[in-house]
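Structure first, commentary second.
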Amino acid sequence: MTTPVILALTAGEPAGIGPELCLQLALEPRQAGIVVVACKTLLADRARQLGLAVELHDWHPGQTPDTRAGHVSVRHVEGCESIVAGRLHAGNSQYVLDTLTTAARGCLDGNFDGMVTAPVHKGVINEAGIAFSGHTEFLQELCGVERVVMMLATEELRVALVTTHLPLKDVSAAITPERLTQVTRILNADLKTFFGIDQPRILVAGLNPHAGESGHLGREEIDVIEPTLDKLRAEGIKLTGPLPADTLFTPHWLDNADAVLAMYHDQGLPVLKFQGFGRAVNITLGLPIVRTSVDHGTALDLAGTGKADAGSLHTAIRVGEHMARCRRAAIAGESS
Ligand SMILES: NC(=O)c1ccc[n+]([C@@H]2O[C@H](COP(=O)([O-])OP(=O)(O)OC[C@H]3O[C@@H](n4cnc5c(N)ncnc54)[C@H](O)[C@@H]3O)[C@@H](O)[C@H]2O)c1
Ligand SMILES: N[C@H](C(=O)O)[C@H](O)COP(=O)(O)O
C-alpha cells in the first residue's frame with residue numbers, strides 16, 4: 001500500500017470565499033490527507049455562520065490528518081485580526097502571507113507532499129505596504145529559484161504564460177530570449193514529469209496582432225521569439241509558432257497539441273477561463289515543491305453566503321495529489 005499524500009491547504013484571504021470552500025471540502029471524506037493552514041477562530045466562525053457541522057482538530061507535523069467527513073485537521077496560524085466575510089482588512093495581510101510561508105516551508109521540510117492555495121487578495125496585501133504580485137512570484141522567491149511558470153489547465157486545455165503579473169506596458173521588455181528559453185524548458189520538462197507526455201507538443205503564441213504581420217505590426221516575433229524557438233527546437237523541444245493568438249485557440253491547432261504557451265496573462269487566461277472557469281487548476285511549474293491553486297479569486301460578493309462553487313478547489317486537490325505522487329516517483333527513480 002502506498003503512503004497517503006498529505007497536502008497543506010491554505011485558506012487564503014479571510015474576507016473571501018477561501019475559508020468556506022475549505023470547510024465545504026471537509027464535509028466530504030477524502031483520499032488525500034488535507035491540513036488546512038489558517039486561523040482556527042476564522043474557520044470556526046465561518047462554519048457557525050454557514051451552519052456547517054465541521055469539527056476542527058489541531059494538527060502538528062508528523063501527525064496523520066483526519067480524513068473523515070465532517071472533520072478537518074488544522075495547522076493554526078496566528079495574526080488574523082478580522083474575520084468578517086466580505087470586508088477586507090489590511091491588518092490581515094501578514095497573516096495571509098504567514099499561511100503561505102507555513103505551507104511552503106512544510107513542503108520543503110517534508111511535512112507536506114504539496115500545497116494547494118485558496119485565493120488571496122493581491123490589492124489588500126499591497127495596501128498593507130507589502131509588495132506582492134501573486135502566489136507564483138512569492139513562492140518563486142521563497143523557494144529561491146530563478147524562474148517558475150504559471151500554467152492553468154482543464155481536462156481539455158493547458159495554457160502556460162511567459163509573463164505573469166505585470167502591467168501590460170512592461171510585457172514586451174520582459175519577453176527576453178533568456179526568459180522565453182527558461183519558461184519553455186520548464187514547461188516541456190514538467191509536462192513530461194507530471195502529465196506523462198513523452199514528447200510534449202507546444203503551441204507558442206506571438207505577442208502582436210497576427211504575430212507581428214511580418215514585422216509590420218511589431219518586431220518581437222522576428223527579433224526575439226522566432227530565433228529563441230529555433231534554438232529550443234534544436235534541443236529537441238516540439239514547438240509550433242509563433243502563431244497569431246486570435247486563431248491559435250481553435251481545434252485546427254489545439255487538436256494536435258498538449259499545451260499553449262501564451263506571452264502574457266490576458267492573452268491566455270481569458271480563453272482558458274471561458275472554456276473551463278470553475279473546474280480548472282492553476283499550477284506553478286518549476287518549483288522544488290508541488291503547488292496547485294483554484295482558478296478563481298476571492299469573490300468577496302459571495303463570501304459568507306455559502307453559494308461559492310468548490311469545483312475548482314476539487315480539481316486543485318486532485319491535481320495536487322497526482323503531482324505529489326509523480327514527484328515521489330521521480331525522486332524514487334533518481335535514488336534507485
Ligand atoms: N489564486 C488566487 O489567489 C487568485 C486568483 C484569481 C484572482 N485572485 C484575486 O482575487 C481578487 C478578486 O478578483 P476578481 O474579482 O477579478 O475575480 P474573482 O474570481 O474573485 O471573481 C470574478 C467573478 O467570479 C465569481 N466567482 C469567483 N469564484 C467563484 C466560485 N468559486 N463560485 C462561484 N462564483 C465565483 C465572483 O462572484 C465574481 O462574480 C483579486 O485581488 C485577484 O487578484 C486571486
Ligand atoms: N493569475 C491567476 C488567475 O488569474 O487565476 C491568479 O491571479 C493567481 O495567481 P497566483 O497563483 O500567482 O496567486
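Note that the coordinates shown come from a computational prediction; the quantities given were computed from them, not determined experimentally.
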Checklist line | Rounded distance (nearest 0.5 Å) linking atom CD1 of I317 with atom CD of Q31 | finding: 12.5 Å
Next item on the list: Inspect the contact between D109 and R105 and indicate whether a charged nitrogen and a carboxylate oxygen are less than 4.0 angstrom apart.
Entry: no
Next item on the list: Taking the side chain as every heavy atom from C-beta outward, state whether P288 and L108 have any atom pair closer than 4.5 Å.
Entry: yes
Checklist line | Which atom of V96 lies closest to which atom of G12, heavy atoms considered | finding: CG2-O, 4.1 Å
Item checked: Audit row: L88, E13, side chain to side chain contact (heavy atoms under 4.5 Å, CB included) steps and yes/no -> CA-CA 8 Å; L88 293 170; E13 165 56 45; 3.5 Å; yes
Next item on the list: Without swapping roles, check the side chain of H314 against the backbone of A310 for a donor-acceptor pair under 3.5 Å.
Entry: yes
Item checked: Presence of salt bridge, E235 and R185, under 4.0 angstrom -> yes
Notebook entry, point to check: Do E213 and N208 have side-chain N/O donor and acceptor atoms under 3.5 Å apart?
Noted result: no
Notebook entry, point to check: According to the interplanar angle, ranging from 0 to 90°, do the rings of H71 and H57 count as parallel (below 30°), tilted (30 to 60°) or perpendicular (above 60°)?
Noted result: parallel
Margin query: Looking at G215, is its backbone amide N or carbonyl O close enough to the side chain of E221 to form a donor-acceptor pair, meaning the two atoms are under 3.5 Å apart?
Written below: no
Next item on the list: Locate the shortest heavy-atom distance separating A128 from A90; write the atom from each residue and the value.
Entry: CB-O, 3.5 Å
Check: Honestly curious: do I125 and V37 fall in one hydrophobic cluster under the side-chain, below-4.5 Å linking rule?
Finding: yes
Check: According to a 4.5 Å side-chain heavy-atom criterion applied to Ile, Leu, Val, Met, Phe, Trp and Tyr, with indirect links allowed, do L56 and L25 form part of one hydrophobic cluster?
Finding: yes
Next item on the list: For H265 and L161, indicate whether the former's side chain and the latter's backbone hold a donor-acceptor pair under 3.5 Å.
Entry: no
Margin query: Show the nearest heavy-atom pair for residues P119 and G18, with the distance to one decimal.
Written below: CD-CA, 4.4 Å
Next item on the list: Evaluate the criterion side chain to side chain contact (heavy atoms under 4.5 Å, CB included) for residue pair T292 and M323; output intermediate values, then yes/no.
Entry: CA-CA 9 Å; T292 64; M323 289 178 68; 3.9 Å; yes
Notebook entry, point to check: Between atom CG of L313 and atom CD1 of I17, what is the distance when rounded to the nearest 0.5 Å?
Noted result: 9.5 Å
Notebook entry, point to check: With a 3.5 Å cut-off and no angle check, do the side chains of H76 and E78 form a donor-acceptor pair?
Noted result: yes
Item checked: E226 bridged to R219 by N-O distance under 4.0 Å -> no
Margin query: So which atom in L23 and which in A47 form the shortest heavy-atom distance, rounded to 0.1 Å?
Written below: CD1-N, 3.6 Å
Note to self: Between L187 and L191, is there a side-chain heavy-atom distance shorter than 4.5 Å?
What the structure shows: yes
Checklist line | Same apolar cluster: V74 and L27, side chain cutoff 4.5 Å | finding: yes
Margin query: Taking the basic N atoms (NZ, or NE/NH1/NH2) and the acidic carboxylate oxygens, is any pair closer than 4.0 Å for R327 and E321?
Written below: no
Next item on the list: Any chance you could measure L142, atom CG, to L100, atom CG, to the nearest 0.5 Å?
Entry: 9.0 Å
Next item on the list: Determine, stepwise, if the pair W59 / D66 fulfils side chain to side chain contact (heavy atoms under 4.5 Å, CB included).
Entry: CA-CA 9 Å; W59 178 90; D66 201 321; over 6 Å; no
Notebook entry, point to check: Taking R158 for the side chain and T154 for the main chain, is one N or O donor matched with an acceptor at less than 3.5 Å?
Noted result: no
Checklist line | Close side-chain approach of H296 to L21, heavy-atom, < 4.5 Å | finding: yes
Margin query: Any heavy-atom pair between the side chains of H135 and V120 that's under 4.5 Å?
Written below: yes
Check: Donor-acceptor pair, D295 side chain versus S312 backbone, under 3.5 Å?
Finding: no
Next item on the list: Check the pair V204, T240 against side chain to side chain contact (heavy atoms under 4.5 Å, CB included), reporting the backbone distance first and the verdict last.
Entry: CA-CA 6 Å; V204 183; T240 304; over 6 Å; no
Check: Sub-3.5 Å donor-acceptor pair from the side chain of R179 to the main-chain atoms of A174, do we have one?
Finding: yes
Notebook entry, point to check: Are V171 and L261 in one and the same hydrophobic cluster, where Ile, Leu, Val, Met, Phe, Trp and Tyr link if side-chain heavy atoms are under 4.5 Å apart?
Noted result: yes
Check: Who pairs with D230 by salt bridge (charged side-chain N to carboxylate O under 4.0 Å, His left out), at least two apart in sequence or on another chain?
Finding: R233
Margin query: Checking the side chain of T163 only, and the main-chain atoms of M263 only, is there a donor and an acceptor separated by less than 3.5 Å?
Written below: yes
Checklist line | Gap between atom CG of L254 and atom CZ of R201 - 0.5 Å precision | finding: 11.0 Å
Item checked: Taking every non-hydrogen atom, the tightest pair across A205 and A245 -> CB-CB, 4.2 Å
Check: If Ile, Leu, Val, Met, Phe, Trp and Tyr residues are connected whenever their side-chain heavy atoms lie under 4.5 Å apart, and connections chain through other members, are L9 and V5 in the same group?
Finding: yes
Checklist line | Candidate pair K307 and E20, rule salt bridge (Lys or Arg N to Asp or Glu O under 4.0 Å), full reasoning | finding: CA-CA 10 Å; K307 291 183 183 158; E20 64 208 64; over 6 Å; no
Check: Would you say the side-chain atoms of N111 pair up with the backbone N or O of P61, donor to acceptor, closer than 3.5 Å?
Finding: no
Margin query: Quick check: closest heavy atoms across P65 and V35, and the distance to 0.1 Å?
Written below: CG-CG2, 3.8 Å
Check: Given S293, which of N282, T10, T117 fulfils the side-chain hydrogen bond (donor to acceptor under 3.5 Å, both in side chains) condition?
Finding: T117
Margin query: Could you check whether any side-chain heavy atom of Y95 comes within less than 4.5 Å of a side-chain heavy atom of L42, counting everything from C-beta outward?
Written below: yes
Next item on the list: Taking the side chain as every heavy atom from C-beta outward, state whether Q63 and S73 have any atom pair closer than 4.5 Å.
Entry: no
Checklist line | Donor-acceptor pair, side chain of E81 and main chain of H89, under 3.5 angstrom | finding: no
Note to self: Can a side-chain donor-acceptor contact be found between T164 and E137 if the only test is distance below 3.5 angstrom?
What the structure shows: yes
Check: Is there a side-chain contact between F277 and L272, using heavy atoms and a 4.5 Å cut-off?
Finding: no
Margin query: Donor-acceptor pair, distance only, cut-off 3.5 Å: does the side chain of R46 make one with the backbone of P14?
Written below: yes
Checklist line | E156, CD: over 12 other non-hydrogen atoms inside 6.0 angstrom | finding: yes
Check: Does the pair D113/R328 count as a salt bridge with the N-to-O cut at 4.0 Å?
Finding: yes
Notebook entry, point to check: Any side-chain heavy-atom pair from L152 and L157 closer than 4.5 angstrom?
Noted result: no
Notebook entry, point to check: In Å, rounded to the nearest 0.5 Å, how long is the span from CD1 of I283 to OG1 of T136?
Noted result: 11.5 Å
Next item on the list: Can you measure from CZ (F112) to CD1 (I34) and round to the nearest 0.5 angstrom?
Entry: 10.5 Å
